Structure formats: structure tokens, C-alpha cells
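Each chain gets a letter, A, B and so on, in the order its sequence line appears, and its residues count up from 1. Please read all numbers here as calculations on a predicted model, not as lab measurements.
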There are 2 protein chains.
Amino acid sequence: MKTKQKMVSEFRRAEIVDAARSVFARKGFAGGIVDEIANEAGIAKGTVYLYFRSKKEIYRAVLDRDMEFSKKGTLERMDAAGNLKDKIRAFTLARLENAEAKKEFFRIMDAEFGSVSFTRSQYRDWLREPVLRLASAIEDAARRGEIRPVPSEKIAWLVADMTRGTIRRRLLGRSDTPPGEDAELLVGFTWAALAAE
Amino acid sequence: MKTKQKMVSEFRRAEIVDAARSVFARKGFAGGIVDEIANEAGIAKGTVYLYFRSKKEIYRAVLDRDMEFSKKGTLERMDAAGNLKDKIRAFTLARLENAEAKKEFFRIMDAEFGSVSFTRSQYRDWLREPVLRLASAIEDAARRGEIRPVPSEKIAWLVADMTRGTIRRRLLGRSDTPPGEDAELLVGFTWAALAAE
DNA sequence: TTGGCGGATGACCATACAGTCATTATAATA
DNA sequence: TATTATAATGACTGTATGGTCATCCGCCAA
């Protein structure tokens, strides 16, 4: 039965990816051991290689899946928001909460985004779409006179940077406030900067 | 002759640290090979172990030295600045330029700050001093009525986060503007947020 | 009950690498 | 120059680990 096979197989893959995320988050790419991933997934090492060609491929699968999930969630929440301020809040909050819920994944992103060479080009642009959408919203609001005119794309990236930096600080344990609070501060700050004139 | 010995020894240590920085930046901690560090320093692997007990110790030395340098530079430039806006600019610009000049180091910081377990506690707080100084400046300015009243420490961290995020984006090659330009945008944005009422 | 089949296993192999240490080269001193 | 002290070397060792593959297991149809 083809369908059932496929389902079982997808399930196994997902289990392995979950285990891998946890191991890589703890040890990084080079430090993460396939045997450990297998253990954590409750299977033998050999089995891992039935589902993935290599350690690299497992790593890529982890990042792929989680980035896709994070990007999708962010875009959806932004679409649901009405005005600019809400969109900014949606963007920031989605990312902060995502980071909170998936600390492990974000620790990987933080840890090896820039250093494991084969992931760089793959992941350079995953934020671009949400940011560009934010930029459009800023531009529209400026055109309608709700905020002062600003270089919208640059400002959008700045908001993204601020969010990223906040996530990082939270991951390092230098913030013990709930994500909503950090987000609110960020949104208020940004709004003050945009509304001013 | 004690002094000369010491000098030679310090010089060698520095050479090794320089080579290590380059290797670790390229490959991460686990991926960085001691033999490669030795080669790059133009010495044999055994010699490395005359100056450092272990690979970990080399890694720590790299981070120690560069963080110290970066922190010192940032504080000095902030002290030299007169008013709040200049202090914010000093803080941001010092860090951006530092990141530009020492891409390798920052790539390490970015890469493994949060994942190599033995470095976490060591480096969690290296930014604290500059940020707290920025917070004081904000507080003073608010007291003098130059800006609106804000939760100074939180805002200071927010500025730090924004700077960190910008550095990260620059490292990933998503920004091709000179550091001064990014800094100016950031400072202007922050100033608008603070001056607003 | 048997035969066959695909998924699962883990012992095994080859390689890579951190760290050691006996030996050698170099410099200081007398 | 001879002697001693110090720095440097790189072959070697033990261990860890990515990836393979002969074998096994459990299920199902006949």
C-alpha cells in the first residue's frame, strides 16, 4: 500500500528531524553525532541512513522545515493585521514567540547560520519576504500621511534587525520578560520614531 | 633573560591566536583543526601545545582578546562623545566599524556565542558595561528634558539589539552600505523615537 | 506453516583528529 | 668551542565518529 508506506516514512523522517534539531542545537553541526540523533529518535544509526543520505542532509532538513514554518507563520499573522502598527507588532511578536516556542531551532540558526558554509546561501534570504511586506506597509502608511516619510525598506530591515537582536538576547538568557513585553517595547519605540515630526 | 623570553612567548601566543581566529571563523570550534591552526601560524602542532593546554583554551583566548579589544574601544569612543546623540552614535559606530574591521572575530561571535557551552557564561555579559553606560546617558538626558522620559535600561538594550542585528545582517552580506551609513540611519531612528512626544 | 520481502539493525571499517613525547635544532653561557 | 638550557618538531597513539552492509525480524499471502 503506497500511501501508508509514504506516511510511515514521512513520520520517521519527522522523528529523525526532531531528534536532530535537539542534538544539533546542543552541540552544533560538527559536534552533533549521528549515533546520538538515532538514539534520541529511538532507532539505530543504520536506520537514519535509510531516510537521509548524510549528516549534512539531516541538518539541511532541520533548517528547511523550521524556516519554512517560521516564515509562513509570520506572513499569516502580518496579513491578519489591519493597520501598520498592528503589522509591526505581528511581525515582531510572531518572530519572538516563534523563537520562544522553538528555542532549539533558533539556537541553531543563531549558532551556525553564518559559519556552516553549505547553509549560507540557502538561508540568506529567508526573511526577505516578510521584511519586504513590512516595507510596503510602511510605504502605504507614509503615503496616507499616517507616519512621516521614511526610507521604507531600510526602516523595515532595521525593525527586523532590532527583532533579531532581541531574540538573540533572549536566547542568551539576558531577558526574563515574556515575549509580548519585549515586543510591546519594540513596537512602541518604532512607532514613536515613525510618528515623529 | 626573563623579559625577552616573555616577549617572544607573548608574540608566539599572539601569532597562534591570530591563526586560530581565522580557522575558527571559517570552520567553527568543532570543525577547526589544531593542525590547520599550526600550519597557518607557520609552526608545528606540538608547538601549539607549548603555548596552550588545549583547543578549548585557544578558543577562549581568541574570544577573550577580541572582546576585550572591542569593549575597550567602544567605551573610549563613548566617553569621548559629549551629548547623548553623539554617545549613541559612538556606541553604534564603534561596534559596526569593529565588526567591519574584524569580520572574522565577529563571525565567531555570531557563530558560536550561544552554542559552544563552555563559552556561554564567559561571554554573556561582555556588552553589559557599554550598555549600562548608554542607559545612564539616556537617563541624564531625560532628566535634563532633552528627550522624553523612557525606561532607560530597556531602551539602551534595544539600541544594542538593533546594532547587533545590523552587524549580523552586514556579516551575511545583506548590506553593502558603509558602516557609517547604517549607523546614521540607526541613530536618526533612535533619536526620533526618543525626542518624540 | 512456509517463503518472500522490505524495513531495521549494529558490528565493522576507514578516517580524522586531539593531544603526547622522544628526539632534534637553536640559542645562551662559560 | 663545549656545555647546558630551551624551543620546536612531527611521528605516533587512542579515541571518536561518519557511513556501510551482511544479517535479522516481522508481517503477509499462499
Side chain of Tyr51(B) (C-beta onward), nearest among dA7(D), dG7(C), dG18(D): dA7(D)
Spacing between Ile16(A) atom CD1 and dG7(C) atom P, to the nearest angstrom: 13 Å
Touch class at under 4.0 angstrom, heavy-atom based, for Leu50(B) against every strand present: base
Residues that Lys87(B) engages under side chain to side chain contact (heavy atoms under 4.5 Å, CB included), provided they are two or more places apart: Ala81(B), Ala137(B)
Distance, rounded to the nearest Å, where Asp35(B) contributes CG and dA11(D) contributes P: 10 Å
Value in whole Å for how far the P atom of dC17(C) lies from CG of Asn39(B): 12 Å
Selected nucleotide, minimal atom distance to Lys55(B) side chain, candidates dA18(C), dG19(D), dG7(C): dA18(C)
Presence of Arg12(B) side-chain N/O under 4.0 Å of dA8(D) phosphate oxygens OP1/OP2: yes
Set of residues satisfying salt bridge (charged side-chain N to carboxylate O under 4.0 Å, His left out) with respect to Arg77(A), sequence neighbours excluded: Glu97(A)
Whole angstrom value for the distance that separates C1' of dA16(C) from CD1 of Ile33(A): 14 Å
Touch class at under 4.0 angstrom, heavy-atom based, for Gly32(B) against every strand present: sugar-phosphate
Rounded distance in Å - CD1 (Ile37(A)) to C1' (dG19(D)): 13 Å
Results of salt bridge (charged side-chain N to carboxylate O under 4.0 Å, His left out) for Asp79(A) - residues two or more places apart only: Arg133(A)
Length of the line joining Phe11(A):CZ and dG7(C):P, which is rounded to integer Å: 16 Å
Residues touching DNA chain D, which here means a heavy atom under 4.0 Å, drawn from residues 40-47 of chain A: Lys45(A)
Lys/Arg-Asp/Glu bridge criterion (N-O < 4.0 Å) met for Glu184(B), Arg89(B): yes
Ion pair Lys102(B)/Asp66(B), N-O distance below 4.0 Å: yes
Atom-to-atom span, CD1 of Ile58(B) to C1' of dA18(C) - whole angstrom: 10 Å
Qualifying residues under side-chain hydrogen bond (donor to acceptor under 3.5 Å, both in side chains), relative to Asp35(A), sequence neighbours excluded: none
Using distance only, find each side-chain donor-acceptor pair of residues 38-45 of chain B under 3.5 Å and give its atom names and separation, not counting sequence neighbours.
residue  : atom : partner  : partner atom : Å
Glu40(B) : OE1  : Arg26(B) : NH2          : 3.0
Glu40(B) : OE2  : Ser22(B) : OG           : 2.5
Glu40(B) : OE2  : Arg26(B) : NH2          : 3.3

Length of the line joining Tyr49(A):OH and dC13(C):P, which is rounded to integer Å: 18 Å
